[in-house]
Amino acid sequence: MAHSPNGLTVASWNVNSLRLRLPQVGRLVGARSIDVLCVQEIKAAPDKVPLMEMAALGFPHHAVHSMPGYNGVGIFSRLPIEDEEALDWCGKVDCRHVRARVAGIDLHCLYVPAGGDLPDPEENPKFRHKLEFLDALTDWSSRSVDPDIPALLTGDFNVAPLETDVWDHKKMRRIITHTPIEREKLGAFQRSGPWVDAMRRFVPPEEKLFTWWSYRARDWKAANRGRRLDHLWVTPTLAPRLAGMEVFDEARGWELPSDHAPVIVTLSPALAET
DNA sequence: ATGGTTGCACGGCAA
């Protein structure tokens, strides 16, 4: 598939094991023109990340931050990577953030901690870690994001911030991913850029929009008890280039699916300097 | 109210 000649199409997908999901990655890149694919939950030791296979699928360039068993993020690109960096937060090296500069844009691939089940930071260390991770991102973003370099932040943020980002707002208020404190902290993180929510530039906030459907539903499509956990944000200077967005939910219905659907955003070509 | 499914370090844990 030819990619957009001067524009850039970026996709983000929590694949829930990159090795297991390689055939589905192949189907995705066969169906859509993607220049950069950001993946979360690679779930493989660094020497077991399928770099050759990803190169064969059209992504010879990569910036990967991975570990055995859990987590792991990667940026796979058709275009050269000009600079890359692995980032870690909260005193852990847990492979949840990687940055790569492609076509002059700083691309960040993120995997925010899920946070467990009990929405009490005193009783549940995983929820405490999630809240502290969001605080660390907010602090980092307010200190270190260079306004002169266009940036794009994407991945599994594990928070559904709007009422229409969950299938039932009232039922979800005490469920992790949609608790008030998480929604507040994601809001603070977004304002710290400020970051533009690219997906909601295309789908108004009154409309439901989901990227994740649990494996545990009998029929994910019929029940449609989804959540918008995956996001793509851009710096304000990049917002005028937002040209298209798709949640590729067809992939949720494939054989051996991930529980997340890919999010695909297209940027129009940069205007020439005058 | 509970349980439902998936993936990895092969089995308890994380999601």
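Residue numbering restarts at 1 for every chain, and letters A, B, ... go by the order of the sequence lines.
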task: Just jot down the side-chain contact (heavy atoms from CB on, under 4.5 Å) partners of A:Asp120, sequence neighbours excluded, or say none.
output: A:Leu118, A:Glu122, A:Glu123
message: Which residues pass the side-chain contact (heavy atoms from CB on, under 4.5 Å) test with A:His129, not counting sequence neighbours?
response: A:Cys90, A:Lys92, A:Asp94, A:Arg96, A:Pro113, A:Phe133
Please list, for nucleotides 11-14 of chain B, all pairs of protein and nucleotide N/O atoms separated by less than 3.5 Å.
from, atom 1, to, atom 2, distance (Å)
B:dA14, OP2, A:Lys126, NZ, 3.3

Mind checking what makes salt bridge (charged side-chain N to carboxylate O under 4.0 Å, His left out) contact with [X], not counting sequence neighbours?
X: A:Asp83; answer: A:Arg99
X: A:Glu246; answer: A:Arg32
X: A:Asp117; answer: none

Side-chain touch A:Leu267/A:Ile105, heavy atoms, less than 4.5 angstrom: yes
message: Whole angstroms only, please: what is the CZ-P distance between A:Arg19 and B:dG7?
response: 12 Å
- prompt: Tell me the salt bridge (charged side-chain N to carboxylate O under 4.0 Å, His left out) pairs involving residues 201-224 of chain A, sequence neighbours left out?
  reply: none
Any residue of residues 218-229 of chain A with a heavy atom less than 4.0 Å from an atom of DNA chain B: none
message: Suppose you measure atom P in B:dG3 against the same atom in B:dG7; what distance do you get, rounded to whole Å?
response: 22 Å
message: Using atom P in both nucleotides, what's the gap between B:dT6 and B:dA1 to the nearest angstrom?
response: 26 Å
Under 3.5 Å, which donor-acceptor pairs link side chains of residues 51-66 of chain A to any protein atom two or more places apart or in another chain?
from, atom 1, to, atom 2, distance (Å)
A:His65, NE2, A:Asp88, OD1, 3.2
A:His65, NE2, A:Asp88, OD2, 3.0
A:Ser66, OG, A:Ala44, O, 2.5

